[in-house]
J.: 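Below: one structure in structure tokens.
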Amino acid sequence: MVAAPFLNASQTKAVEHLAGPLLVIAGAGSGKTRVIEYRVLRLIENGIAPGSILLLTFTRRASKEMLSRAAKRDPRAAEVEGGTFHGFAVKLLRQFASKLGIKTNFTVLDQGDAAEAMHRCATEKKLYEGVHRFPQKSTLQKIVSMATNKRLDVATVIEREFPNFVECAEGIEILRDDYAKYKLEQSYFDYDDLLLYLRLILGEPAVQTYVNEQYRFVMVDEYQDTNLLQGEIVKLLGGERQNVMVVGDDAQSIYGFRGAFHKNILNFPAEYQGSKIIKLEANYRSSQEILDLGNGVLQTMEHRYDKHLKSADNRHGDLPNLLFFKDTAQEAEFVADQIQEYYHDGENLSEMAVLFRSSYLSFNLQTELAKRRIPYDVFGGKKFSDTAHVKDLLSYLKLLANPKDELAWNRVLMLFEGVGPKTAQKLIVQLKGRATLVEMKAVFDTLGEKAKYKASLVRLIKGLAAAQELVSNLGQAYEALLETYRPLLEDKYDNWTQRAKDLEMLSQIAARYDSIETLLTDFALEPPEREVSEVSGVFQNEGRVTLSTIHSAKGLEWGNVFIIGMIEGIFPSSYALKTDEGLEEERRLFYVAVTRAKQRLYLTLTHYGFAGGITQFNKPSQFLEQPAINSYLDRPDKEAPAAPKPAPTPDIGMDKDQLLAKLAELYARK
DNA sequence: TTTCGACGTCTTTTT
DNA sequence: GACGTCGAAA
């Protein structure tokens, strides 16, 4: 038997559970990662084939971490099938695509691509014409996506979340069908399609039997964040055996905005007959002072579930600090000072994190850290792959994978001077009549000589064709594409040297792959986070500070945590204040943030802020005003020292003529 | 048909 | 600040 040290009684019960449905309610820091890890080992030990165990998580990082830890104790664990719902869907759909009449090498659209595709459909249908105001493409995407994830019709979604577009509901409902058809024609799958089609094929008895045969034990992490579709998918994956173990914490459900249905976790016992429930309550992460604050936050929740965080080893530390600053520059200085201080006390930078509600809140801090040459990583917010130049190059790559990719062609063609939407569309129609890049060259060759973009486009297609020759070595193919793209890069962007560095980095990533499809899918599903600081000197090999949105920090922990921007309207977000459900989700988010800290926790806010173009006086977050929370904080004297009374303005008695005379004097002296 | 500048609107979180 | 719309000029 695998030695499983330090597991407490309920953890052991969860690990020992073999067949049948199991719900594990795992409080923050209760060691659920270890439970999953050891249960995998236990199953394998009991003779279950590793390949028939499926572990579904929300980030690939999470599943990789759990499985690689398990694999250190038993190498067979590396063969367990693990990944995100979306990644698993791609795998299965590639396998079944041909049976559905879909190309095996279908393209996965990220959110931006999806918005672009929808825009094309809406333009085609002339939906923008004759309507006073039609949602912009990213809003269209949000509306349609939410309808899918919450299983609602467009009208209901608009009524609830986008009331200013009620009169467009009908048009968008039509667009939704057009968009679905368009994607099928083009072999495009957006994020929602991956779940939708996975659910669809699992609903076919033959497919379900096949899949149930393959996967006999299913585990799902962060079950409170699954949506209706994912709930159904899990049920179908469980099949008749119902060897389904789900792990989650209803107090940490923070993805309602993308359709998470946290009743999934509440309904689990009813949905799965004969299921067992195990609660993990002992906390192995934080000091009791931090947990007290966490408990305070739990108390403020309206839908409170019985839960009380208790430090398992009775660890103690300082009270969480609440600090006020004049502006974000001072806030950033303080955080950087504090990080440096802990560093000099011998703590590793990787034990320090700064968390925030929205990614822009960290901009000032990034500048400050860079100035001091403190290395950091940023999580959440704009991704590396969201930048224009990276998207450009990814489009080039997409054309190698599928020369008929309309969206990619559109983006690439529009890069050239003199080519706008109309010209691009005309060219695309012609291009799609040819099968390969080599044949497509003729389209550009036959362009009128007076078209000033002719030469550049011929150069482009030659470059693409040449790169395709090298595709068996992705690193080389990429370099060829980069050379073709370089003149456009230098022409288009003032800061092209900066951007060229990003593209060099992309080159290294590309070289690690051996299939373009895999590369592109990975970029769509789990794009690399933005690499920001490259720092040398004092802090080398000392790890890096983490700057992260609270959402991206879930599941992680650090010794010292700073939560910045504790301002009403920012956290909780004014956007969420519109509904009770929204505010409740912000509370859960605050709970997640607080419970990331092991030893020290700082909450900070600034008096002056900049919003909507004007400087305003910030109000502290309403969370900080609640006694249940407030009383667990070490806060400064509420009264700021009174500013000295300004003396009366001295009289200098000068009229306009005298002023002008004085001015003349000053001008003359120059 | 494209490009450019002026002006208006909305501004969160992620697979 | 990003994105979209509109009108004018090339």
Side-chain angles (χ1 to χ4, degrees), chain A residues 56-62 83-90 108-116 119 128-129 131-142 145-146 148-149 161-162 164-165 189-196 198 222 225-227 229-230 253-260 355-361 363 379-383 385-388 414 416-426 451-453 521-527 529 548-554 565 569-578 582 585-586 588-590 592-593 610-613:
Chain A
L56 294 174
T57 55
F58 273 79
T59 63
R60 203 171 34 177
R61 188 165 49 156
T84 62
F85 277 89
H86 294 83
F88 177 65
V90 168
V108 177
L109 303 184
D110 67 22
Q111 201 170 7
D113 298 333
E116 208 60 56
H119 184 72
Y128 290 98
E129 290 170 24
V131 192
H132 175 55
R133 241 162 58 84
F134 201 70
Q136 56 188 60
K137 54 189 175 187
S138 56
T139 312
L140 285 176
Q141 191 276 332
K142 277 184 198 142
S145 174
M146 189 172 284
T148 305
N149 282 305
E161 310 267 346
F162 303 86
N164 42 337
F165 292 122
F189 282 71
D190 65 19
Y191 291 149
D192 303 330
D193 291 333
L194 294 176
L195 300 182
L196 208 55
L198 175 59
E222 308 280 13
D225 286 329
T226 52
N227 64 23
L229 276 171
Q230 288 165 320
S253 168
I254 55 175
Y255 283 103
F257 69 91
R258 75 171 201 217
L355 307 182
F356 31 85
R357 173 70 241 256
S358 315
S359 48
Y360 73 87
L361 295 168
F363 292 169
F379 295 91
K382 273 239 173 306
K383 298 265 169 42
S385 51
D386 285 333
T387 54
M414 299 263 279
F416 292 85
E417 191 148 357
V419 181
K422 294 278 170 170
T423 315
Q425 188 50 38
K426 261 190 224 154
K452 58 181 170 192
Y453 40 79
T521 306
D522 278 6
F523 255 83
L525 292 183
E526 206 107 7
E529 300 287 343
S548 175
T549 58
I550 300 169
H551 283 89
S552 298
K554 190 144 73 115
I570 289 178
F571 194 20
S573 154
S574 53
Y575 206 73
L577 292 177
K578 285 185 270 184
E585 184 153 307
E586 297 290 300
R588 295 193 290 264
L589 195 57
F590 186 40
V592 169
F610 200 69

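Chain A is the first sequence line, chain B the second, and so forth, proteins listed ahead of strands; every chain is numbered from 1. None of these values were measured; they are calculated from a predicted model.
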J.: Can you tell which of B/dT15, B/dT2, B/dT14 lies closest to the side chain of A/Thr549?
T.: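 From the listed options, B/dT14 comes nearest.
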
J.: Compare side-chain N and O positions of A/Thr423 against OP1 and OP2 of B/dT2 and report whether any pair is under 4.0 Å apart.
T.: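 Yes, within the criterion.
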
J.: Mapping A/Phe416 and A/Ser358 to their closest nucleotides on DNA chain B, which lands nearer the 5' end?
T.: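 Result: A/Phe416.
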
J.: Taking the six-membered ring for Trp and the single ring otherwise, decide whether the centroids of A/Phe58 and A/His86 are under 6.0 Å apart.
T.: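 No, the ring of A/Phe58 stays outside the 6.0 Å limit from the ring of A/His86, centre to centre.
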
J.: Is the closest basic N to carboxylate O distance between A/Asp225 and A/Arg258 below 4.0 Å?
T.: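 Salt bridge flag = no for A/Arg258 with A/Asp225.
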
J.: Could you pull out the closest heavy-atom pair between A/Thr148 and A/Asp192, with the gap in Å?
T.: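 Looks like CG2-CB, 4.0 Å.
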
J.: Could you please name the option among B/dT13, C/dC3, B/dT15 that lies closest to any side-chain atom of A/Gln136?
T.: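 Looking only at side-chain atoms, A/Gln136 lies closest to C/dC3.
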
J.: With sugar-phosphate meaning primed atoms plus P, OP1 and OP2, does A/Ser359 contact a base, only sugar-phosphate, or nothing at under 4.0 Å between heavy atoms?
T.: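 Sugar-phosphate, no base atom in range.
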
J.: If the cut-off is 4.0 Å, is A/Lys383 near the phosphate of B/dT15, judged by side-chain N/O to OP1 or OP2?
T.: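 So the side chain of A/Lys383 is within the cut-off, an N or O lying under 4.0 Å from OP1 or OP2 of B/dT15.
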
J.: Among B/dT15, C/dG4, B/dT1, which nucleotide sits nearest the side chain of A/Lys426?
T.: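 That would be B/dT1.
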
J.: Quick one: on DNA chain B, does A/Leu195 or A/Gly420 contact a more 5' nucleotide (nearest heavy atom)?
T.: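 The 5'-side residue here is A/Gly420.
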
J.: Mind checking A/Ser138 for me? I need base, sugar-phosphate or nothing, with any heavy atom below 4.0 Å counting as a touch.
T.: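 Nothing, no nucleic acid heavy atom in range.
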
J.: I'd like to know if A/Lys137 and A/Glu116 make a salt bridge, using a cut-off of under 4.0 Å between side-chain N and carboxylate O.
T.: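 A/Glu116 and A/Lys137: salt-bridged.
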
J.: So which nucleotide from B/dT15, B/dT2, B/dT13 ends up closest to the side chain of A/Pro421?
T.: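 My answer, after comparing the listed nucleotides, is B/dT2.
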
J.: Identify which nucleotide among B/dT15, B/dT14, B/dT3 has an atom closest to any side-chain atom of A/Thr84, counting heavy atoms from C-beta outward.
T.: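 Selected nucleotide: B/dT15.
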
J.: Could you give the CZ-to-P distance, from A/Phe165 to B/dT9, as a whole number of Å?
T.: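 The distance from CZ of A/Phe165 to P of B/dT9 comes to 12 Å, rounded to the nearest Å.
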
